[in-house]
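Just below is one structure, and these are the notes that go with it.
Because the structure is predicted, anything quoted here is derived from the model rather than measured. Throughout, a chain's letter reflects where its sequence line sits, starting with A, and its residues are numbered from 1.
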2 protein chains.
Amino acid sequence: MTVTLADVAARARVSPATVSRVLNGNYPVAASTRERVLRAVEELDYVLNGPASSLAAATSDLVGILVNDIADPFFAIMAGAAQGEIGGQEGTGRAGGEKLAVVCNTGGSPDRELTYLTLLQRQRAAALVLTGGALEDPVHIAAMSAKLTRLADAGTRIVLCGRPPLPDNDALLAALAFDNRGGGRKLTEHLLTLGHRRIGYVAGPTERTTTRHRLEGHRAALRAAGIDEDQERMTLHGPYARRSGYDSTLELLRRAPGLTAVVAANDTVALGACAALRDQGLRIPQDVSVAGFDDLPFSVDVVPALTTVRLPLAEAGARAGRLAMGREAAPPGGIATVEAELLVRASTAPPRG
Amino acid sequence: MTVTLADVAARARVSPATVSRVLNGNYPVAASTRERVLRAVEELDYVLNGPASSLAAATSDLVGILVNDIADPFFAIMAGAAQGEIGGQEGTGRAGGEKLAVVCNTGGSPDRELTYLTLLQRQRAAALVLTGGALEDPVHIAAMSAKLTRLADAGTRIVLCGRPPLPDNDALLAALAFDNRGGGRKLTEHLLTLGHRRIGYVAGPTERTTTRHRLEGHRAALRAAGIDEDQERMTLHGPYARRSGYDSTLELLRRAPGLTAVVAANDTVALGACAALRDQGLRIPQDVSVAGFDDLPFSVDVVPALTTVRLPLAEAGARAGRLAMGREAAPPGGIATVEAELLVRASTAPPRG
DNA sequence: CTGTTAGCGCATTCAG
DNA sequence: CTGAATGCGCTAACAG
């Protein structure tokens, strides 16, 4: 029923070994022989049996890209760029030595993250790219560390993109860490320079590196400006979602009616913050300034255009892809910091009066 | 070095077959025996060898989800929902009979689409979900049809989501087709009812079913209203990108200064259209109305909120996932139409004067 | 309920 | 440069 390598060999009048050699192209084969084999492959419409091949060779062509939320442009952009560097380069349609770059959506669940890692380990994945911030729960970190070590031992190349290196884990090839702290700091410094003093902060979910680092940058800027009190009351945590921005902003307004600026965990949250302010009859930025983070594609198009911190997501994702493929040298020490750039647009202005 | 099923069997003092049976859970095993095996698995930190398993069983647990552009929320939302139904349901972290749901990003390239299909075929994928519109090039359609037929013959379950069924291809399990034509028609009827007569249309890329259907709906509404002339000049094609909306709107304004409304291929394009109009000093909707399609998450937050056509992307994606897993019965005839709902918001209003 | 026996389809030695 | 032989790790009959 299903055509195998032996069938191709028979038709090309060569041994199976020879067919394998031309297909993998990693061994000298006479041009005429290769020609004959390729023709037979064509005629029989032969497709390599991946599992059999992986079993024999003890490696597979699967490359996994893990994301927290595929529907969040932050992850989608990184994943797309990484995948572009890994899979389908030439595009012959026939699939030669192609890697199969696949993205796996954990939905932010630690369990699913671990499950995907096991599944990828089971498939003997060639490489792995983990994107975005990590959960800071010690138990989960330990579990992840252990899993990644096993994967690395089995030959899987591991790259982190937009995630700080794991403590005490040298299983990984490279880590591209975003400068979330620096970005958060620059953003708040901008607000302080404009004259804001009562600034609310809608943070991301607790126990996440991204959340913590951005918040730390914010607090550091405030502290440097001598604004220290009241920070807990002016900070609200929630998911990286519009809804969180909306609800938290309403609550901030209740807690601190004198609020003149809202800093959001990311642009999506900022969108929700803007909606809440508008619904309260407040103008942006005349009454309240709003700032985001990430510079997602829509941020330049909302009105007023969002002041935010740009992260080179596509560039970082592409680099992670190349690192995973071994087409780019790892940074010294295996760790590279990706800079964050302040983008001042129209949603921030000096406070009233 | 690497621990195998035989090692587990030895440690649990049972035969390899028994270990296989408890791992796959598809055969009766005494509770005490199972217990012993599971403990051995735990102690040895054993992970099943996927390729070997797939080779022996002639099936794999890979499920592919193909998308045109992972960074486009339209696809990301469908893919995320499908993946949620397929992978990581329980979330034990240990990965039992889990499927490995993976999304593959074709970038809209027909070659890469075919390549991914071959790669998935090579892996003996258990199921396949193809999302979004299809390219209408006859050569590509034929190639796709042939590939899908082979895949189906090999036992891969194929589901289309947001894509019309292929002509003459009953390889597929089910197709969930969006009512793009109906949606496009409703949208333009809304504009006509408001009194618009000079309406520009920024279409998607040519040769794509989605583009064609939406445009057909638009034209049908115009024709029904007796507006027939000039349609070619008022229609511009471009990618589903902000930039296209921006550039095309500028060109439409040049071609037809009396324009009172712009209909965009989707919300992202509409965003670009809005930006272009604003840059020309035109107010939305007072001077020019704008409408989009898809109701992407940001559409409610832009100002003015976008009038658009809502497609239940998450619901459709989830249903496609269930269909692929065989957890839901296929619709009669294998084809289901997913309704599109007109959402009138603030970006459309009667024309001036 | 459990053990034994055969391959699954391919990549590799090793000869030639 | 090519062919023959071996085994990758597991599942699926088949017995018991």
Checklist entry - Is there a side-chain polar atom (N or O) of B:S20 under 4.0 Å from OP1 or OP2 of D:dT11? => result yes
Next on the checklist: salt bridge (charged side-chain N to carboxylate O under 4.0 Å, His left out), that's the test. Do A:E136 and A:R163 meet it? Break it down for me.
Outcome noted: CA-CA 12 Å; A:E136 296 200 293; A:R163 174 185 298 231; over 6 Å; no
Checklist outcome for this item: note: B:L55, atom CG; C:dG7, atom P; distance rounded to Å ~ 14 Å
Item to check | A:R122 CZ to D:dG9 C1', straight-line distance once rounded to whole Å | outcome: 14 Å
Checklist outcome for this item: When rounded to whole Å, the CG to P distance for the pair B:L23 and D:dA12 reads 13 Å
Next on the checklist: Could you check whether B:T115 and B:T118, counting side-chain N and O atoms only, form a donor-acceptor pair closer than 3.5 Å?
Outcome noted: no
Checklist entry - In whole angstrom, what separates B:N26's CG from D:dA12's P? => result 7 Å
Checklist entry - Whole Å only: how far is the CG atom of A:L5 from the C1' atom of D:dT2? => result 14 Å
Item to check | Presence of A:S53 side-chain N/O under 4.0 Å of C:dG9 phosphate oxygens OP1/OP2 | outcome: no
Checklist entry - Whole Å only: how far is the CZ atom of B:R124 from the P atom of C:dC8? => result 14 Å
Item to check | Interatomic distance, B:N49 CG vs D:dC8 P [rounded to whole Å] | outcome: 11 Å
Short heteroatom pairs, N/O only, protein and nucleotides 1-5 of chain C, under 3.5 Å:
| from | atom 1 | to | atom 2 | distance (Å) |
| --- | --- | --- | --- | --- |
| C:dT2 | OP1 | B:T33 | OG1 | 2.4 |
| C:dT2 | OP2 | B:A30 | N | 2.8 |
| C:dG3 | OP2 | B:S15 | N | 2.9 |
| C:dG3 | OP2 | B:S15 | OG | 3.3 |
| C:dG3 | OP2 | B:T18 | OG1 | 2.8 |
| C:dG3 | N7 | B:R21 | NH2 | 2.7 |
| C:dG3 | O6 | B:R21 | NH1 | 3.3 |
| C:dG3 | O6 | B:R21 | NH2 | 3.4 |

